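Taking it in order: structure first as structure tokens, then the write-up.
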Amino acid sequence: MADLHATERLVPDDTGIARAAELLLAGGLVSFPTETVYGLGGVATDDIAVARIFEAKGRPHFNPLIAHVPDLEAVSKIAELSGRAHDLAQAFWPGPLTLVLPMRADAGLSPLVSAGLTTVAVRIPDHSLAQKLLRAVGRPVVAPSANPSGRISPTEAEHVLAGLGGRIEAVLDGGPCSVGVESTIVGFRDDRAVILRDGGVTAEVLAGVLGAVPARRGENDQIDAPGQLVSHYAPNGRVRLEATAPEPGEVMVGFGPVGGDLTLSASGDLAEAAANLFRHFHALDAMGADRIAVAPVPEEGLGVAINDRLRRAAAPR
Ligand code: TXA
Ligand code: MG
């Protein structure tokens with residue numbers, strides 16, 4: 001699916017939905033409407049499709065994505081839903097609420113979905129087309145807002161085409177979105193709800209179920225497990241960048257012509273490298289690597305986000 005020419009505009013009937021599902025299952029990127037905004041969908045179990053989302057948006061860094069599923073049964077295949085999270089799910093799903101939940105070990109999602117974290121953000125959207133599409137695909141679909149990085153979120157198919165036309169396979173045109181702002185994101189600390197992003201479900205409405213207005217995440221607040229802040233996930237070992245060969249005692253992570261004990265991509269493919277990045281971070285921890293050397297990665301396309309994450313990993317901790 002590398003050569004893109006025209007982005008298909010699909011009408012919201014059974015044929016259009018079937019085509020959208022077919023393209024997604026073949027690794028394509030398809031924008032679809034939800035009640036909040038249009039999402040840029042890719043199958044969450046497909047490494048390369050998830051990497052291509054960052055490429056298409058031109059995102060300069062890898063932030064974790066929301067997995068969209070049609071129902072609670074599909075949630076239970078990827079995440080643990082209990083306590084307060086379960087209460088909120090009962091009250092607001094389907095709807096404009098995203099819950100950050102412990103990820104199941106056998107969820108099978110690309111590590112890029114959660115940016116290497118052990119949690120996963122999940123949402124059941126309340127939009128009939130999104131529901132039909134998710135059922136037709138039969139797998140979780142990640143979908144950030146379907147706009148180029150730094151631009152405003154699209155609430156009509158026309159906005160999607162204006163920003164991403166020629167960069168994605170298709171857009172399923174379902175007319176304007178009803179909510180128009182992104183979903184509210186709620187995480188949990190010891191079963192206490194914390195608002196990570198304000199959105200379609202207000203804090204006051206959440207309070208109706210929780211009994212009190214939930215806290216908002218502060219600047220330096222740790223919502224994830226220690227050492228697992230979204231912006232800080234990195235391997236345990238000390239990381240040296242721009243290495244062309246390992247020094248004694250270093251585990252070498254290669255790219256392209258620079259080989260290694262592991263390689264991000266032997267062929268120098270940036271989408272493959274992005275897909276392997278967090279997987280290799282985990283592998284390095286599993287092998288107990290305390291000194292890590294990483295080959296140069298070109299600062300272009302997905303390389304920008306890869307290098308952003310590598311530089312964070314190499315920064316003094
Ligand atoms: O309304 C929406 O939520 C739209 C529609 C398409 O569903 N999607 C959306 O996705 O806004 P996106 O990728 O723009 O926002 C996802 C947010 C990110 O800011 C990310 O930091 C947060 O969710 N997030 C995802 N996974 C997380 C995790 N495991 N822990 C903490 N935050 C997470
Ligand atoms: Mg966005």
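Atoms within each ligand, like the ligands themselves, are counted from 1 in listed order. Note that this is a predicted model, so its numbers are computed, not measured. When reading the values below, keep in mind they use all heavy atoms of this one structure, side chains included, and skip hydrogens, waters and symmetry mates.
No heavy atom of G187 sits closer than 4.0 Å to any atom of ligand 1. Residue contacts with ligand 1: M103 is excluded, as none of its non-hydrogen atoms falls under 4.0 Å.
Short contacts between ligand 1 and E182, defined as distances under 4.0 Å to a heavy atom of the residue, involve ligand atoms 1 (O), 2 (C), 11 (O). Each of the atoms 3 (O), 8 (N), 9 (C), 10 (O), 16 (C) of ligand 1 lies under 4.0 Å from some heavy atom of I66. Ligand-side atoms of ligand 1 in range of I185: 17 (C), 22 (C), 23 (O), range being under 4.0 angstrom from any heavy atom. Taking every heavy atom of R123 and a limit of under 4.0 angstrom, the matching atoms of ligand 1 come to 1 (O), 5 (C), 7 (O). Residue G39 has at least one heavy-atom neighbour below 4.0 Å for each of these atoms of ligand 1: 6 (C). Listed by atom number, the atoms of ligand 1 under 4.0 Å from T119 heavy atoms are 28 (C), 29 (N), 30 (N).
Checking side-chain atoms of E169 against main-chain N and O of L29 turns up a donor-acceptor pair under 3.5 Å. A distance-only check finds no donor-acceptor pair linking the side chain of T7 to the backbone of G165 [under 3.5 Å]. The main-chain N or O of G303 is found under 3.5 Å from a side-chain atom of N307 such that the two form a donor-acceptor pair. Judged by distance alone, the side chain of R104 and the main-chain N or O of S76 form a donor-acceptor pair under 3.5 Å.
Tracing side-chain contacts under 4.5 Å through hydrophobic residues (I, L, V, M, F, W, Y), one never reaches I48 starting from L65; they form parts of separate clusters. By the criterion of side-chain heavy atoms lying less than 4.5 angstrom apart, applied directly or through intervening Ile, Leu, Val, Met, Phe, Trp or Tyr residues, L99 is grouped together with V113 in one hydrophobic cluster.
Polar contact check, A143 against ligand 1: a nitrogen or oxygen pair lies under 3.5 Å apart. Taking distance alone, with nitrogen or oxygen atoms compared against 3.5 Å, T36 approaches ligand 1 more closely than that limit. Residue R197 has at least one N or O atom closer than 3.5 Å to an N or O atom of ligand 1.
Nearest-residue assignment for atom 20 (C) of ligand 1 (options P33, G116, P64, G41; heavy-atom criterion): P64.
Between the side chains of R59 and N63, at least one donor N or O lies within less than 3.5 Å of an accepting N or O. In summary, the side chains of N147 and S145 do present a donor paired with an acceptor at a separation below 3.5 Å, with no hydrogens or angles considered. R123 and T36 are linked by a side-chain donor-acceptor pair at a separation below 3.5 angstrom, with hydrogens and angles left out of the test.
Heavy atoms of R59 found under 4.0 angstrom from ligand 1 belong exclusively to the side chain. Residue S114 does not touch ligand 1, judged by heavy-atom distances below 4.0 Å.
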**OP:** Would you check, one step at a time, whether the test salt bridge (Lys or Arg N to Asp or Glu O under 4.0 Å) holds for R279 with E272?
**Re:** CA-CA 11 Å; R279 182 171 293 126; E272 183 185 7; over 6 Å; no
Original post:
Step by step, would you call Y38 with F32 a ring pair (Phe, Tyr, Trp, His ring centres under 6.0 Å)?
Top reply: CA-CA 5 Å; Y38 274 74; F32 63 96; 8.4 Å; no
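For the side-chain contact (heavy atoms from CB on, under 4.5 Å) criterion with L172, the lone passing option out of L129, V11, V160 is L129.
For the Mg ion (ligand 2), protein N/O/S neighbours under 2.8 Å (waters excluded) are S145 OG.
C177 is not listed as a side-chain neighbour of E35, based on a closest heavy-atom distance of 4.5 Å or more.
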